[in-house]
Amino acid sequence: SPAALGAFSWMDEDYGGEVRALAKFGSLYAAGRFEQAGTTNANSIARYTGSGWAPLGLGVELYPGQLPAWVRALVVFDDGNGEQLYAAGDFRRAGGVTVPGIARWNGSSWSSVGSPPVPIGSGWSALTVFDDGSGIGLVGAVGGKILRFDGSGWSIVSSGANEIHSLTEFDDGTGPALYAGGAFTSIDGVKANRVAKWNGTSWSALGGGITSAPSSYTKAVHALASYDDGLGNGPALFAAGSFDRAGGDVVEDIAAWRRCTFAGTPYCFGDGSLATPCPCALPNTVPSPSGAADAGCANSSNSSGARLRASGTTSPDTVRLHGSSQTLAGYTIFIAGNGTEVGGVAYHDGVRCAGGTFLRIGAQNATGGTTVYPNLALGFTLPLHVVSGVTPGSGQTRYYQALYRDATPGFCSAGTLNLTNGVEIVW
C-alpha cells in the first residue's frame, strides 16, 4: 500500500520542491530541485535510509545562496573503477567542487567527470548507459549534443537536437541501439517526431513518431524504458510524456513501440529487378537504380522510393500496413488486389504489381511521409481482413500497395502519382 516518504521542499515560496530522478545505488536516491528532503536539509539530491532522508555532503548547487540547482538524471555506471552514482542537470558545484553540470558520487564524496566538450552552465537533460559496440559508456544529452564518456574521456556522439529529455538502450530485434525522446521534430537533420533511434552511425525515425491533436499544445516524450509486458514478442520500448498520438493511434500520454512480427512477403521493388522499369530511371532526375532493393520507385522526397511493410499475425488478424518514405504529406490510398501483375505495369511515376479486382482501403494524408492501416486516429478501425474481403485461415491471397500523390513539378514524368512496393499476404 502507498506510504509517504516525506516531503521535498524549497524554502523560497517561488520555487516549489520537485523530484525528477530516482536511482538505486545500494540505497534509494532521489534528485531534482529541493532544499529539504523530509526534515533533512539536502541540496537537490538525497539518500533514503529506510527511516528518513540523508544528504550527500553539500549536495549540488547552482551557486551558493542563489537559485535552486536542478538534477534531471541519475545513472549508476562503472567506469572501470567500480560502480558510482552519476548525477547530471543544471548545476555548477557538487560537494563544493566546481563541475560542468555532471558529477559522480562514490558513496562518500563527490568528484568531477572529466571535461565534457560543452560550455560551463550547459544544462544536462538525460543520461543512460549504452554499449555502442566499442564497450559500455555513459551517454548524456547536453547543450544540443549527445556525448559519450568511456571512463577516461568524452567524445561527441551526435550534434543531436535541443530538448532531448530521455535516453535509453533498446533492441528492436535488429540489435541494441540508442533511443532518444524529447520535444524535437528533427535530429541531426533527420525528421523524427519526438523519438528517434541511433544505430551507431545515423538517426532514424520510429514510424510517424509521437504527435498530438492540433488543439494540444504539449507534445514531448519525457521518459523511455524497455520492458517485456509478456505479450510474446519480447521487450517493447515504452514512451511516456505529454502527447495523445503515437504513430497515428490515439493514446493517452504513454505508448509502446514493439518489435515487429512481419506478415506477408514484400515484392515489386523499383531496383531494376522487374521486367517493367521505373519511369524515373536515368537520364531523368533521380539516380539509377531508381529505387532501393526493398522499396518502390523513386519519388520527389526519397530517391530510394517508398516502402510498404505489414506487421502482426493473420490469425487472429492483427495485421497493420505501414507505409514510409513517401512524400511528406501526400494523399495516400491503400489498395488490395486479388491478383498480381507479373513484371509490373508502369503507372505515373511508379510500377503497379497488385492486380485483378481492386479494393480501396483507408485513404489518408501521410504524416512525415508515413501512413498506417488500421488507423484509429482517422477512424479506420476495421481489421485488414474485413476490408480485404477474406477470411483468416482460408488460404486466400491478397496483394497490397500504397498509391500516393507526388505532384512535384519537374520531377521525372508528368505523372502526379507513385506507388510503394507491394506486399503479398496469404490469409
Side-chain angles (χ1 to χ4, degrees), residues 4-10 15-38 40-49 52-62 67-79 83-95 99-107 110-113 116 122-130 137-143 146-147 149 163-170 178-183 220-227 238-242 253-254:
L5 298 181
F8 292 81
S9 59
W10 184 261
Y15 298 96
E18 294 185 43
V19 173
R20 284 293 183 93
L22 296 170
K24 181 183 178 183
F25 179 55
S27 302
L28 175 67
Y29 287 75
R33 180 186 64 178
F34 51 83
E35 194 176 35
Q36 195 168 56
T40 301
N41 291 335
N43 286 332
S44 297
I45 186 166
R47 177 178 65 87
Y48 188 64
T49 66
W53 293 95
L56 276 63
L58 296 176
V60 302
E61 305 165 289
L62 189 60
L67 296 177
W70 273 107
V71 176
R72 301 184 186 276
L74 290 176
V75 167
V76 176
F77 172 61
D78 187 346
D79 64 0
E83 289 188 339
Q84 298 184 70
L85 180 69
Y86 288 72
D90 295 318
F91 55 86
R92 299 189 180 193
R93 292 165 61 86
V99 294
I102 185 168
R104 54 192 166 195
W105 171 258
N106 65 8
W110 289 98
S111 63
S112 61
V113 188
S122 299
W124 295 73
S125 57
L127 284 179
T128 194
V129 176
F130 173 60
L138 181 72
V139 179
V142 53
I146 295 178
L147 307 181
F149 180 66
E163 296 197 69
I164 294 176
H165 299 165
S166 52
L167 294 167
T168 197
E169 180 179 321
F170 173 63
L178 179 69
Y179 288 75
V221 173
H222 297 303
L224 292 171
S226 175
Y227 173 66
F238 285 79
S242 302
D253 300 323
I254 188 168

I need the minimum non-hydrogen distance between [X] and [Y], along with the two atoms involved.
X    : Y    : result
D90  : W124 : OD1-N, 4.1 Å
S242 : D253 : CA-OD1, 3.6 Å
A103 : W110 : CB-CE3, 3.7 Å
L74  : A31  : CD1-CB, 3.7 Å
V71  : V60  : CG2-CG2, 3.5 Å
E83  : D78  : N-CG, 3.9 Å

Are any side-chain N or O atoms of [X] and backbone N or O atoms of [Y], one a donor and one an acceptor, separated by less than 3.5 Å?
X    : Y    : answer
R104 : S112 : yes
W70  : S125 : no
S44  : A69  : yes
S226 : F170 : no

**Asked** Just wondering, do Y29 and L56 contact through their side chains at under 4.5 Å, heavy atoms?
**Response** yes
Rounded to the nearest 0.5 Å, what separation is found between the [atom1] atom of [X] and the [atom2] atom of [Y]?
X    : Y    : atom1 : atom2 : answer
L85  : F77  : CG    : CZ    : 13.0 Å
F91  : R72  : CZ    : CZ    : 11.0 Å
L28  : Y48  : CG    : OH    : 9.0 Å
N43  : Q36  : CG    : CD    : 11.0 Å
L167 : L138 : CG    : CG    : 10.0 Å
L58  : N41  : CG    : CG    : 11.5 Å

**Message:** Evaluate D79 against Y86 for side-chain contact (heavy atoms from CB on, under 4.5 Å), listing each step before the verdict.
**Reply:** CA-CA 11 Å; D79 64 0; Y86 288 72; 3.5 Å; yes
**Asked** Under 30°, 30 to 60°, or over 60°: which ring-plane class applies to W53 and F8, parallel, tilted or perpendicular?
**Response**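 Correct class here is perpendicular.
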**Request:** Let me see the working for I146 and V139 under side-chain contact (heavy atoms from CB on, under 4.5 Å), right down to the final yes or no.
**Result:** CA-CA 7 Å; I146 295 178; V139 179; 3.4 Å; yes
**side-chain contact (heavy atoms from CB on, under 4.5 Å) assessment of V221 paired with H165** = CA-CA 7 Å; V221 173; H165 299 165; over 6 Å; no
